[in-house]
Amino acid sequence: RRAIPTPHKGTPKARTVPPKETAMKLIYTASQVREAEKPYIEAADYDGYLMQRAADAVAAEAQDLLHGKENAKILLLIGPGNNGADTIYAGARLSAKGHRVDAVIFDPSEKNLELIAREGGEGTRVLDPEHTHEQLAGAGEYLGVLRAAQLDGKLGAVLAVDTPSGVDNNRGTVHEPSLRADRTVTFIGHKLPAGTSHSVHSGDIKLYDLGVPEALDAHKPALRVLDREDYRELIEIPDEHSHKYWACSPVASNTPAQPS
């Protein structure tokens with residue numbers, strides 16, 4: 001059993017680019033990140049600091065998207081698992097700042113209901129999606145209504161917690177209805193669909209390592225992606241001594257070989 005370093009105190013700042021010495025953005029699956037979290041969560045002295053730091057990050061990014069607006073109306077979409085709990089805790093922080101917070105729970109488990117009742121913040125309302133819109137048959141259609149409003153320009157900024165709604169962050173695939181995010185807050189490591197054609201669903205990605213930047217050191221990334229900005233730094237600026245072939249760069253592809 002390997003020793004787990006003690007994380008530094010305080011909420012870490014967002015890190016949006018990889019270290020310059022690698023010039024690569026490392027992309028992992030959600031399952032890999034969950035495995036990387038386990039030693040910290042299962043430690044005898046774990047007090048929930050990862051979730052609280054995640055909630056701090058979500059609340060800070062949501063506040064930034066409001067651009068100073070006070071008493072804003074905020075809708076929380078709460079799914080299962082830790083991301084749903086992160087959202088609940090973040091909602092409590094936003095409610096404490098005077099914002100009007102409503103919540104729709106897509107996984108109405110006893111755990112989630114108890115958590116939002118205990119930690120949701122004074123004034124937070126839990127909405128029943130079946131009664132929010134008369135035409136809805138259930139919570140599964142609620143995303144479709146929100147997506148239609150988004151396409152019509154009638155929905156405010158969307159902040160995704162770890163992964164946008166409708167996106168599989170183990171495969172990097174999109175399942176409709178999905179909700180495109182203006183910004184995604186992700187934790188410990190970049191996750192799919194980052195680095196794929198579906199990354200547009202994530203918007204601007206902000207990575208918070210939650211004070212455990214070494215957590216993924218033993219895990220092989222699913223993808224290694226060269227950022228456009230980093231790629232530009234690697235390209236030689238031609239001068240009078242440059243040769244035309246020096247500008248060529250190898251391109252790797254997993255496209256099946258085409259017949260000659």
Side-chain angles (χ1 to χ4, degrees), residues 7 10-18 25-34 36-37 40-41 48-69 72 74-97 99 101 103-104 106 115 119-121 143 146 150 155-170 172 174 178-196 198-213 215-216 225 227:
T11 304
K13 295 181 179 180
R15 177 163 53 87
T16 58
V17 295
K25 181 181 290 182
L26 307 182
I27 313 294
Y28 300 87
T29 66
S31 297
Q32 286 179 302
V33 176
R34 280 194 293 270
E37 291 174 338
Y40 303 94
I41 294 174
Y49 59 83
L50 291 180
M51 185 170 291
Q52 295 306 319
R53 291 175 182 178
D56 287 340
V58 173
E61 295 295 340
Q63 190 68 39
D64 183 63
L65 284 176
L66 291 172
H67 302 293
K69 185 177 180 180
I74 296 172
L75 177 64
L76 309 177
L77 304 181
I78 301 171
N82 290 339
N83 291 341
D86 296 340
T87 304
I88 291 173
Y89 281 114
R93 287 155 169 76
L94 294 166
S95 178
K97 289 182 176 294
H99 299 298
V101 179
V104 173
F106 286 89
L115 182 60
E119 305 287 350
L143 270 182
L146 293 176
Q150 187 178 51
L155 193 67
V158 174
L159 177 66
V161 178
D162 216 31
T163 186
S165 299
V167 173
D168 183 333
N169 57 7
N170 276 313
V174 177
S178 63
L179 198 60
R180 287 202 178 194
D182 296 279
R183 184 178 299 175
T184 295
V185 188
T186 194
F187 311 115
I188 298 183
H190 286 284
K191 304 175 189 67
L192 294 172
T196 73
H198 296 307
S199 62
V200 293
H201 284 73
S202 301
D204 181 28
I205 300 175
K206 295 295 185 72
L207 171 63
Y208 286 78
D209 62 24
L210 304 185
V212 290
L216 286 162
V225 179
D227 278 344

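In what follows, every heavy atom counts, from backbone to side chain, and hydrogens, waters and symmetry copies are set aside.
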For [X], check side-chain hydrogen bond (donor to acceptor under 3.5 Å, both in side chains) against everything at least two apart and list the hits.
X	result
His198	none
Asp168	none
Gln63	His99
Ser178	Glu176

Who are the salt bridge (charged side-chain N to carboxylate O under 4.0 Å, His left out) partners of [X], not counting sequence neighbours?
X	answer
Arg93	Asp56
Asp162	Lys191
Asp182	none

Begin with the C-alpha distance, continue with both residues' side-chain angles, and end with the deciding distance and a verdict on side-chain contact (heavy atoms from CB on, under 4.5 Å) for Asp64 and Arg183.
CA-CA 11 Å; Asp64 183 63; Arg183 184 178 299 175; 2.8 Å; yes
Quick one: does [X]'s side chain get under 4.5 Å of [Y]'s, heavy atoms only?
X	Y	answer
Leu26	His190	no
Tyr208	Thr186	no
Asp209	Val212	no
Val161	Val58	yes
Val33	Phe187	no

Any pair with a residue in residues 74-92 that passes side chain to side chain donor-acceptor pair (under 3.5 Å), sequence neighbours left out, goes on the list, sorted by first then second residue, please.
none
Is there a side-chain contact (heavy atoms from CB on, under 4.5 Å) between Thr184 and Thr163? Walk through the geometry before answering.
CA-CA 7 Å; Thr184 295; Thr163 186; 5.8 Å; no
[X]: which residues meet the side-chain contact (heavy atoms from CB on, under 4.5 Å) condition with it, sequence neighbours left out?
X	value
Ala85	Met51, Leu115
Thr29	Ser31, Gln32, Asn170, Leu192, Ala222
Leu75	Leu77, Asp102, Val104, Leu127, Tyr142, Leu146

Where is the tightest heavy-atom contact between [X] and [Y], given as atom of each residue plus distance?
X	Y	value
Pro193	Ser202	CG-OG, 3.9 Å
Leu159	Ala62	CD2-N, 3.6 Å
Leu216	Gly189	CD1-CA, 3.7 Å

Leu179 and Leu155: side-chain contact (heavy atoms from CB on, under 4.5 Å), yes or no, with the steps?
CA-CA 11 Å; Leu179 198 60; Leu155 193 67; 4.0 Å; yes
side-chain contact (heavy atoms from CB on, under 4.5 Å), that's the test. Do Val200 and Arg180 meet it? Break it down for me.
CA-CA 8 Å; Val200 293; Arg180 287 202 178 194; 3.8 Å; yes
